[in-house]
Structure formats: C-alpha cells, structure tokens
Trainee: 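Below you will find the structure I want to go over with you.
Values reported hereafter were calculated over all heavy atoms of this structure, with side chains retained and with hydrogens, waters and symmetry mates removed.
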Amino acid sequence: MGYPADMHLHTTFSCDASATMETHVRNAIALDLQYVCFTDHFDANPADEGNAYYRPDAYFEEISALQDQYGDKIRILKGLEFAEPHLFPREFETLSSRSYDFILGSVHWLGDFFVLQKDRIGEFEPDALEERYYSVMEAMTAFGGFNGLAHMDYLRRGTGRDHWPEDIVRRIFTNMVKNGISLEINTQHHRRGLPLAFPTPALASLYASCGGKRITFGSDGHHPSDTASGIVETLDAYAAIPGLSPGVFVERQFIPLS
Ligand SMILES: [Zn+2]
Ligand SMILES: [Zn+2]
C-alpha cells in the first residue's frame, strides 16, 4: 500500500539540506504522492548554524513558482520547522503569521547542547537529560501555536536509550490535545538503519490513550534520495493503533486521509 503524503521535507532553504524543492517535487510525483510539504528549518538558537540562514521571502517565491509549474500534478504545501518556539516568541509570531499550511515545533537544543551531540552526551546523567529534554517539550506544547510535534523522542538517536519520564510525557500529550497539536511520525530511522520511527509505537499508543487522534507522516528528508523514504515501511505499525487518524494540514487545518 502506498501513502499519499510526506509532511516533513527539507530543501536548500535549510542550512543542512542538499535537495532542491523541485527535485523533491519531481520525486514525489514519480512516487504518486498527492501532497508534499516543505518544512525548512528555523532555529533561532544562537548556537545553530542555521539561525540566520532561512529566507522566508525567497522560500515563498520558490513555492509559488513550483505550484504554478506542478500544481496540476501534486499539492505543494508550505511548511516550517520552528525549534523551541516558546523560547523565541517574537520570532515565532512574525514567521507563523505568514501563510504556512503546516508548522512543526521541535526540540533541537537544550541551551547550547544540541540533542544529537554525541560527543557531549557523556556530560549528562541519562535520566536527568531525558527529564530536561521532555520538560522543554512540555513547555513548548503548553505554549502551542504550531500544528505538529516533530520527531518526539529524537533524543533517543543520540543516547540510544528508549526511555522517557511517563508523567511529563502524559502532560505533553494533554497539552497537544488541548492545543490542537498533532503527532508526527518521523521515518528518518529507516535510512539510518534504526528499528523504530520517532516516536515509537509505544509512545504513539500512549498519545492515543491520552485522547490524541491526529498523526502526520514525514521522512525528514534532506537529500534528493530521501523523498518519502521509510513512510510506506512504517505505516502498518501505527495504523494498528486504535484511534489514530493519519492526515495532512492545509491552511493549518487537519484533513484526514482515510
Ligand atoms: Zn528537527
Ligand atoms: Zn526536520
């Protein structure tokens, strides 16, 4: 079975991506996708090399040109991946007022520590690091204003530990339900040879048991061969969880796909 959407893709408008928008669009059409969403990075943390890289005007112009060219074949959605919006409320207000279809919130930084920074992981006691990471996520989901929580247990990629503080995680899911934030299933694990997507089916089940319903699938692809990668292979594990509804966001509104 195929799947019609990739809701998390990076392009040359992100400092760490090599794929052009047009490459992803052509790949997506060849893969028979109906929706593709470009969620380029905005990281305001001064330690992030991309903090001054994102050019929203050029981004919107490029999307508009591609919509003119390919709009009869595929729906090209305008997205944004904004890291720690609650810590940068002015920047978030300015950017999120633009005409995005879908805004992902993500936790990339804990102060000056990037959550995948393996050379520094040893500085932290694992339980304390997980508590800190998920506490930032709790504050971010309480702040709200975005549509999807990106790669929830991403810290696992750095620590290798599939472990999280359940009390905080339950509060994150409660915030999400209250603030209309969907759960992203991020399939970058597939091209990294990891067995489980972000978040794991166990976390997605807990989301459903806390009243969460909406999920999106995204490859988090940064390179030309990444378009929609891992999504089809990952679908079944989440489709089997009762209560979850996969969909897309258009003009910030959730549209179920089944
Ligand atoms: Zn991210
Ligand atoms: Zn991303």
Trainee: Where is the tightest heavy-atom contact between L183 and P199, given as atom of each residue plus distance?
Mentor: CD2-CG, 3.9 Å

Trainee: Has S135 got a side-chain atom pairing as donor or acceptor with E131's backbone, closer than 3.5 angstrom?
Mentor: yes

Trainee: Within the 4.5 Å heavy-atom criterion, are V248 and Q34 side-chain neighbours or not?
Mentor: no

Trainee: Do any N or O atoms from the side chain of H190 and from the backbone of S229 form a donor-acceptor pair under 3.5 angstrom?
Mentor: no

Trainee: Taking the side chain as every heavy atom from C-beta outward, state whether S106 and Y154 have any pair of such atoms under 4.5 Å apart.
Mentor: no

Trainee: Using a 4.5 Å cut-off on heavy atoms from C-beta on, say whether the side chain of R191 contacts that of D226.
Mentor: yes

Trainee: Under a 4.5 Å side-chain heavy-atom rule over Ile, Leu, Val, Met, Phe, Trp and Tyr, are L194 and L155 clustered together?
Mentor: no

Trainee: For the residue pair Q188 / H222, report whether a side-chain donor-acceptor contact shorter than 3.5 Å exists.
Mentor: no

Trainee: Without swapping roles, check the side chain of T23 against the backbone of A19 for a donor-acceptor pair under 3.5 Å.
Mentor: no

Trainee: Do the two ring centres, one from H24 and one from H10, sit under 6.0 Å apart?
Mentor: no

Trainee: Looking at F92 and G145, what are the two nearest heavy atoms and their distance?
Mentor: CZ-O, 3.4 Å

Trainee: Would you kindly say whether R26 and Y70 are connected by a side-chain donor-acceptor distance under 3.5 Å?
Mentor: yes

Trainee: Is there a side-chain hydrogen bond (donor to acceptor under 3.5 Å, both in side chains) between H8 and E81? Walk through the geometry before answering.
Mentor: CA-CA 8 Å; H8 188 156; E81 179 178 5; 3.0 Å; yes

Trainee: Under 3.5 Å, is there a donor-acceptor pair between the side chain of R132 and the main chain of L110?
Mentor: yes

Trainee: Do S245 and R214 have side-chain atoms, one donor and one acceptor, less than 3.5 Å apart?
Mentor: no

Trainee: For a side chain to side chain contact (heavy atoms under 4.5 Å, CB included) with E184, tell me which candidate from T187, I181, N186 qualifies.
Mentor: N186

Trainee: For H86 and E138, does a side-chain donor sit closer than 3.5 Å to a side-chain acceptor?
Mentor: no

Trainee: I'd like to know if D112 pairs up with R120 as an ion pair, taking the criterion as any Lys NZ or Arg NE/NH1/NH2 lying under 4.0 Å from an Asp or Glu carboxylate oxygen.
Mentor: yes

Trainee: Apply ring pair (Phe, Tyr, Trp, His ring centres under 6.0 Å) to F124 and F113, showing your working.
Mentor: CA-CA 10 Å; F124 305 92; F113 169 69; 4.5 Å; yes

Trainee: Between F38 and F13, does the ring centroid distance fall short of 6.0 Å?
Mentor: no

Trainee: Between the side chains of T141 and N179, is a donor N or O closer than 3.5 angstrom to an acceptor N or O?
Mentor: no

Trainee: Working to the nearest 0.5 angstrom, can you tell me the gap between S182 OG and F249 CZ?
Mentor: 4.0 Å

Trainee: Under 4.5 Å between any side-chain heavy atoms of R98 and D57, yes or no?
Mentor: yes

Trainee: Taking atom CG of L235 and atom CD1 of I185, what is their separation to the nearest 0.5 Å?
Mentor: 10.0 Å

Trainee: Answer yes if the side chains of W109 and D48 hold a donor-acceptor pair under 3.5 Å, and no otherwise.
Mentor: yes

Trainee: For residues Y207 and I172, determine if any side-chain heavy atom of one lies less than 4.5 Å from a side-chain heavy atom of the other.
Mentor: no

Trainee: Taking the side chain from Q117 and the backbone from F114, do they hold a donor-acceptor pair closer than 3.5 Å?
Mentor: yes

Trainee: I need the minimum non-hydrogen distance between A5 and L257, along with the two atoms involved.
Mentor: CB-CD1, 4.3 Å

Trainee: For H163 and E130, which I'm curious about, is there any donor-acceptor pair between the side chains at under 3.5 Å?
Mentor: yes

Trainee: I need the F88 CZ to E84 CD distance, nearest 0.5 Å.
Mentor: 6.0 Å

Trainee: With the side chain counted from C-beta on, respond yes when R161 and D127 share a heavy-atom pair under 4.5 Å apart, and no when they do not.
Mentor: yes

Trainee: Take a 6.0 Å sphere around CZ of R90 and say whether it holds more than 12 heavy atoms from other residues, nucleotides or ligands.
Mentor: no

Trainee: Between L149 and V177, is there a shared hydrophobic cluster once you connect ILVMFWY residues whose side-chain heavy atoms come closer than 4.5 Å?
Mentor: no

Trainee: For F82 and Y100: C-alpha separation, side-chain torsions, deciding distance, then whether ring pair (Phe, Tyr, Trp, His ring centres under 6.0 Å) applies.
Mentor: CA-CA 12 Å; F82 197 114; Y100 292 104; 9.6 Å; no

Trainee: In Å and rounded to the nearest 0.5 Å, what is the OH to OG1 distance from Y133 to T159?
Mentor: 9.5 Å

Trainee: Would a single hydrophobic cluster contain both L203 and I231, if residues Ile, Leu, Val, Met, Phe, Trp and Tyr are joined by side-chain heavy-atom contacts under 4.5 Å?
Mentor: yes

Trainee: Do Y134 and V136 share a hydrophobic cluster, counting only Ile, Leu, Val, Met, Phe, Trp and Tyr and linking them when any side-chain heavy atoms are less than 4.5 Å apart?
Mentor: yes

Trainee: I'd like to know if the side chain of T234 and the backbone of G230 have a donor-acceptor N/O pair within less than 3.5 Å.
Mentor: yes

Trainee: Same hydrophobic cluster for F146 and F198, using side-chain heavy-atom links shorter than 4.5 Å among ILVMFWY?
Mentor: no

Trainee: Using 0.5 Å steps for rounding, measure from the CG atom of N147 to the OG1 atom of T216.
Mentor: 9.5 Å

Trainee: Got a donor-acceptor contact below 3.5 angstrom from the N51 side chain to the P46 backbone?
Mentor: yes

Trainee: Below 4.5 Å, heavy atoms only, C-beta onward: do W164 and L206 meet side chain to side chain?
Mentor: yes

Trainee: Evaluate side-chain contact (heavy atoms from CB on, under 4.5 Å) for I76 paired with Y35, printing each intermediate quantity in order.
Mentor: CA-CA 6 Å; I76 302 169; Y35 300 90; over 6 Å; no

Trainee: Measuring from atom CD1 of I29 to atom NZ of K73, what distance do you get when rounded to the nearest 0.5 angstrom?
Mentor: 6.0 Å

Trainee: Quick check on side chain to side chain contact (heavy atoms under 4.5 Å, CB included): which of L33, L31, L66 does I74 satisfy it with?
Mentor: L33

Trainee: Could you tell me whether the side chains of D6 and S219 share a donor-acceptor contact shorter than 3.5 Å?
Mentor: yes

Trainee: Return yes if some donor-acceptor pair links the side-chain N/O of T39 with the main-chain N/O of L9 below 3.5 Å, else return no.
Mentor: yes

Trainee: Any side-chain heavy-atom pair from L196 and H189 closer than 4.5 angstrom?
Mentor: no

Trainee: Should the pair D40-K78 be classified as a salt bridge under the 4.0 Å nitrogen-to-oxygen rule?
Mentor: no

Trainee: Locate the shortest heavy-atom distance separating K118 from G158; write the atom from each residue and the value.
Mentor: CE-O, 3.9 Å

